[in-house]
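In what follows, a single structure is set out as structure tokens and then discussed.
Per chain, numbering begins at 1; letters A, B, ... match sequence-line order. Because the structure is a prediction, the values reported are computed rather than measured.
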2 protein chains.
Amino acid sequence: MDQRQALAAFSALSQETRLHIIRMLVVSGPDGMAAGAIAEKAEVSPSNVSFHLKELERSGLIAQQRESRSIIYTANYEALGGLIRFLMEDCCGGNPEICAPAAAVAACCTPATKGELQ
Amino acid sequence: MDQRQALAAFSALSQETRLHIIRMLVVSGPDGMAAGAIAEKAEVSPSNVSFHLKELERSGLIAQQRESRSIIYTANYEALGGLIRFLMEDCCGGNPEICAPAAAVAACCTPATKGELQ
DNA sequence: TCAATGATTCAAGGATTATTGAAATATGGA
DNA sequence: TCCATATTTCAATAATCCTTGAATCATTGA
């Protein structure tokens, strides 16, 4: 993730509806959600959700794929991880005072997955 | 860090000049930098840097303090750490696939500081 | 007090982004 | 083919953000 992508990602996440959508897609995992389902759950109009989904896709944080009549959106885990990494490394220079709280979170979610990641 | 603050922080970081400023302030540490020095190094006009500094301060990512004629700006390490934490926990639900790359960064910057943090 | 320095504020303009509803596109089934 | 469903695109408007230069404010030293 370079600065250009990071700027786009920050921009994408700086809007309430879009942050909400990202959250829903992370929770829904690899199955993702159809545009209509996202619109319904986020309580926004179809055309408005379409606008924000396009914005999120442009930033690389989500991906789409057609499934019959629906278009399924999924979170791009790699991009989200890359953004966190950018924030810690490139932006904050790996500064321990900044990264320590993040390390605490990482410590409490990664041990349980030992072996689950290749 | 709640969602409101996170949205403000993402918005603050989504602008090239401001991201540049944050980087400089993280590097400059607790000494911070005067507004004029920031403007010079970032190559923007005084009034423009003032606009972006106000925006960054509003988001809580930096703080200011007057020092004689100068106004010194410093990065708010706690807020930056809080934002990374928000991204990992609240936004991404501590999802291991997303947090793993961040954990790798954390692992390579925190051991060296053992004991340096209270 | 006066001038110089460092910085902010303000107003105007331009640029980008968000919202809305209507129209268009794509897919699948009768 | 025709219709219904799922979604996007488009145009218009509203809202927000960025930039610029002139004016203002705060501090210091002569």
Handout entry: Tyr73(A) and Gln64(A) side chains, donor-acceptor separation under 3.5 Å
Key = yes
According to a strict under-4.0 Å criterion, is [X] in side-chain N/O contact with OP1 or OP2 of [N]?
X	N	value
Gln15(A)	dT19(C)	yes
His52(A)	dT19(C)	yes
Tyr73(A)	dT8(D)	yes

Taking the side chain as everything from C-beta on, heavy atoms only, tell me whether [X] gets closer than 4.5 Å to [Y].
X	Y	value
Glu16(A)	Leu7(B)	yes
Leu83(A)	Leu87(B)	yes
Arg85(A)	Met1(A)	no

What is the distance from [atom1] of [X] to [atom2] of [N], rounded to the nearest Å?
X	N	atom1	atom2	result
Lys54(B)	dT9(C)	NZ	C1'	7 Å
Arg58(A)	dA18(C)	CZ	P	9 Å
Gln64(A)	dT7(D)	CD	C1'	10 Å
Arg66(B)	dC25(D)	CZ	P	14 Å
Leu13(B)	dC17(D)	CG	P	15 Å
Glu16(A)	dT16(D)	CD	C1'	15 Å
Asn48(B)	dT19(D)	CG	C1'	6 Å
Phe51(B)	dA7(C)	CZ	P	19 Å

Problem - Nearest-0.5 Å distance, CG of residue Leu80(A) to CD1 of residue Ile98(B) - result: 4.5 Å
Exercise for the section: Mind listing the residues from residues 18-33 of chain A sitting with a heavy atom below 4.0 Å of DNA chain D? Number order is fine. Expected result: none
Identify whether any heavy atom of [X] sits under 4.0 Å from a base atom; if not, whether one sits that close to sugar-phosphate; answer base, sugar-phosphate or nothing.
X	result
Ser68(B)	sugar-phosphate
Ser70(A)	sugar-phosphate
Ala34(B)	sugar-phosphate

Practice task
Check if the side chain of Ser47(B) and the base of dG21(D) share a donor-acceptor pair of N or O atoms closer than 3.5 Å.
Solution key: yes
Problem - Position toward the 5' end of DNA chain C (nearest nucleotide), Ala35(B) or Ser45(A) - result: Ala35(B)
Practice task
When you get a sec, tell me which of dT19(C), dA4(D), dT8(C) is the closest nucleotide to the side chain of Arg69(A)?
Solution key: dA4(D)
Exercise for the section: Could you work out which one of dT8(D), dA18(C), dT8(C) sits closest to the side chain of Glu55(A)? Expected result: dA18(C)
Problem - Side-chain donor/acceptor of Arg18(A) to backbone N/O of His20(A), under 3.5 Å - result: no
Practice task
Give a yes or no on whether the backbone of Ser47(A) and the side-chain of Ser50(A) come within a donor-acceptor separation of less than 3.5 Å.
Solution key: no
Exercise for the section: Using side-chain hydrogen bond (donor to acceptor under 3.5 Å, both in side chains) as the criterion, list what pairs up with Gln15(A), not counting sequence neighbours. Expected result: none
